[in-house]
Amino acid sequence: PAPGHSRGPAFYVSRPHDGLGADAQRWERQFTGFLPVDPDTAGLPASDGFTNEIAHFVACCRSGAEPLSSGRDNLGTMAVIFGIYESAQRGGAPVDVGRVLG
């Protein structure tokens, strides 16, 4: 969401529980959103994060520099996500994330 806004109430759980029954309510607390934080835009071409991201990408394409968030970095994130899905399909069995990358 935009800075200073939330997507509405959410919940977090302080310990595992089964479902959202009355007993579970003891362990849940309502979260109404994050406090607004003013972004630090000093030295950036624009105040909009998306515009800055595109400008950084274009600069990297022109100079040949590696972006701050490289594809190599993102492969590790994707390996963890695919490992989570694979583990869920296997009933929670552990997954070797290195194998997922391989």
Side-chain angles (χ1 to χ4, degrees):
H5 295 87
S6 68
R7 293 181 186 247
F11 295 89
Y12 71 92
V13 178
S14 58
R15 83 174 225 189
H17 63 79
D18 296 326
L20 296 175
D23 185 52
Q25 294 299 319
R26 293 186 329 204
W27 304 108
E28 295 182 0
R29 296 185 178 99
Q30 189 168 12
F31 173 73
T32 58
F34 295 100
L35 296 175
V37 176
D38 292 327
D40 180 9
T41 58
L44 297 175
S47 61
D48 177 61
F50 183 70
T51 301
N52 292 325
E53 181 180 359
I54 297 300
H56 174 67
F57 178 74
V58 169
C60 289
C61 289
R62 289 182 174 160
S63 69
E66 185 170 322
L68 294 173
S69 177
S70 71
R72 191 174 304 108
D73 292 337
N74 295 329
L75 284 176
T77 301
M78 293 306 299
V80 170
I81 292 170
F82 288 136
I84 291 168
Y85 283 122
E86 183 178 335
S87 176
Q89 289 174 343
R90 296 173 47 197
V95 173
D96 179 0
V97 177
R99 184 187 56 76
V100 173
L101 279 172

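When all heavy atoms of Cys60 and Pro67 are compared, the pair lying nearest together is SG-CA, 3.7 Å. Taking every heavy atom of both residues into account, His56 and Leu68 meet most closely at NE2-N, 3.0 Å. Taking both residues in full, the closest heavy atoms of Gly83 and Val95 are given as O-CG2, 3.6 Å, listed atom of the first, atom of the second, then distance.
To the nearest 0.5 Å, atom CG of residue Asn52 and atom OG1 of residue Thr41 are 8.0 Å apart. Put simply, CG on Leu44 and CD on Glu53 are 12.0 Å apart, with the number rounded to the nearest 0.5 Å.
In the hydrophobic clustering, Phe50 connects to Ile54, Val58, either directly or through intervening members, whenever side-chain heavy atoms lie under 4.5 Å apart.
Applying the salt bridge (charged side-chain N to carboxylate O under 4.0 Å, His left out) test to every pair with at least one member in residues 59-68, sequence neighbours left out, gives these pairs: Glu66-Arg72.
With contacts defined as side-chain heavy-atom distances shorter than 4.5 Å, the pair Phe82/Met78 qualifies.
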